[in-house]
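To start, the structure under review is shown below, and the notes come after it.
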Amino acid sequence: MASRSCLYAYFMLLLVVFQSTRPIKGNIFALPPPQCRRVLATSSDVLQFTLNLLYLEATLYLYGSTGRGIDAVAPGLVQGPAPVGAMMANVDRTSRQLMEEIGLENVGIIRAILDTKLVEPIQMPLVNLSLEALNDFVEQAFNDDFIPPFNTYASAVNFLPVSAVLVTSLIRQYYVGILPHLLNHDLQVVKFGAVRQQLYMFANAIIPPYQLNVTTLVDRLGQLGNRLGMCGDKDEGLIVALQLGAENRTTTNVVPADVNSLAFSRTEREILRICYGTGNATIPGGLFPRGVNGKIGDLIRNLRLS
Ligand SMILES: *[C@@H]1O[C@H](CO)[C@@H](O)[C@H](O)[C@H]1NC(C)=O
Ligand SMILES: *[C@@H]1O[C@H](CO)[C@@H](O)[C@H](O)[C@H]1NC(C)=O
Ligand SMILES: *[C@@H]1O[C@H](CO)[C@@H](O)[C@H](O)[C@H]1NC(C)=O
Ligand SMILES: *[C@@H]1O[C@H](CO)[C@@H](O)[C@H](O)[C@H]1NC(C)=O
C-alpha cells in the first residue's frame with residue numbers, strides 16, 4: 001500500500017510542478033450551464049481546495065476505524081478546530097482495515113501536498129461528522145424521518161454507504177475534473193474502487209432495524225447528491241439497469257461511470273452544494289458547518305457562486 005500512496009503523491013507533485021500557474025482547462029465539449037461551470041483557478045488553488053476534502057475523508061475513516069483522527073497519526077501536520085462528533089464505528093475486521101488504510105493514505109497525500117510548499121497551507125475547516133449531521137443526510141435522501149435516527153457508526157453496512165457516497169465518491173469525482181491530462185484513470189479509482197467493492201459485498205444486507213438494504217441506501221444517497229449538486233445524474237446505485245452497465249454487459253456497478261466507462265466529474269460548487277447539504281455553495285452546513293477554507297472557497301463566497 002505504501003507504493004500506491006507514493007504513486008498518488010508522485011502524480012500530485014507532477015501536477016504542481018508542471019501546472020502550478022496554468023488555469024484549469026474547461027470542458028472541451030459543449031459549455032455547461034452556468035451553475036455547473038468550474039471556478040477559474042490555478043492548480044495550486046485546486047489542490048488547496050482538495051485539502052479540505054482530504055482532511056474530511058481522513059478524519060472520517062481514521063475515526064471510524066481507530067477512534068482517533070489525523071493528529072494521532074501525524075501530530076502537528078494539520079491545524080484547525082477539532083472535528084465534531086466523529087467516532088469509532090462498530091465494523092468487521094476487513095472493513096476496519098480498509099477504512100484505516102484509506103485514512104492513512106490520505107494523511108500521506110496531505111503531507112505530500114503540503115511538502116511541495118507550492119500550495120498555501122490551510123487549516124482544517126470545522127467538520128461535523130456527528131450522528132445527527134449524518135442522520136440529516138440520510139433523512140433528506142429518503143425525505144422521511146428515521147425512527148430511531150440512522151446511526152452511521154453502528155456497523156459497516158451503515159458506515160460504508162454514507163462514507164462512500166457522501167465523501168469518497170465526491171473526492172474521486174473532483175479528481176476526475178482536475179486531473180484529466182495527468183492522472184491515470186486507474187490511479188484515481190483505486191481508493192474509491194476498494195470501498196465500492198466492499199460495499200458490493202454487502203449489497204443485499206439489510207440495515208437493522210429498518211426494512212432497508214444497502215443497495216437502496218446507496219441509491220437514495222446518490223440521488224440526493226444528484227439533486228443537491230444540480231448538474232445531472234452522476235452518482236449511480238450499486239446495481240444499475242443493464243443498459244447503464246459497463247459495455248452494456250453487467251448489472252453490477254462497482255465503479256460508477258457512463259456507458260463508455262468514463263468517470264463522471266464534479267466541480268467545486270457541486271461538491272459544496274452536496275457536502276453542505278443545502279444545495280447552495282454559499283450556504284455552509286452539513287459536513288462543513290462553517291464552510292471550507294482556501295482561495296476557491298473564498299471566491300465562491302465572495303462572488304456568490306451558489
Ligand atoms: C452538527 O450537526 C447537527 C445536526 O445538523 C447540529 O445540530 C449541530 O449543531 C452541528 N454541530 C456544529 C458544531 O455545527
Ligand atoms: C433492496 O430493496 C429494494 C426495495 O425493497 C428491492 O426492490 C431490491 O430488490 C433490494 N435489493 C437487493 C439487492 O436486495
Ligand atoms: C450500449 O447500448 C446502447 C443502446 O442499447 C448503444 O447505443 C451503445 O452503443 C451500447 N454500448 C456499447 C459499448 O456496446
Ligand atoms: C444561495 O444562497 C444565497 C444566500 O442566501 C441566495 O442569495 C441565492 O439566491 C441562493 N442561490 C440559489 C441558487 O438558491
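Computed from a prediction, not measured in an experiment: that's the story for all the values here. Both ligands and their constituent atoms are indexed starting at 1 by order of listing.
In this view, E270 and K234, R266 satisfy the salt bridge (Lys or Arg N to Asp or Glu O under 4.0 Å) rule, not counting sequence neighbours. Considering only residues two or more places apart in sequence or on other chains, N151 meets the side chain to side chain donor-acceptor pair (under 3.5 Å) condition with none of them.
Among pairs with a residue in residues 297-306, those fulfilling side chain to side chain donor-acceptor pair (under 3.5 Å) read D298-R301, at least two apart in sequence or across chains.
Counting heavy-atom neighbours within 6.0 Å of E120 CD, excluding the residue itself, gives a total of 12 or less. A 6.0 Å sphere centred on CZ of R68 holds no more than 12 heavy atoms belonging to other residues, nucleotides or ligands.
When only interatomic distances are considered, the shortest N/O to N/O separation between D136 and ligand 1 falls below 3.5 Å.
Using a 4.5 Å heavy-atom cutoff, the side chains of T267 and R37 are not in contact.
Atoms of ligand 1 lying under 4.0 Å from at least one heavy atom of N128, given by number and element, are 1 (C), 2 (O), 3 (C), 8 (C), 10 (C), 11 (N), 12 (C), 14 (O). Heavy-atom contacts of T215 reach the following atoms of ligand 2: 13 (C) (cutoff under 4.0 Å). Near P289, the atoms of ligand 1 lying under 4.0 angstrom from a non-hydrogen atom of the residue are 14 (O).
None of I122, L272, L53 except one satisfies the side-chain contact (heavy atoms from CB on, under 4.5 Å) rule with V292; the exception is L272.
By the criterion of a heavy-atom distance under 4.0 Å, the side chain of S130, and not its backbone, is placed next to ligand 1.
Aromatic ring pairs are classed by plane angle as parallel below 30°, tilted from 30° to 60° and perpendicular above 60°; the pair Y210 and F150 is parallel.
Each of N280, T282, I283, S306 has a non-hydrogen atom positioned under 4.0 Å from some atom of ligand 4.
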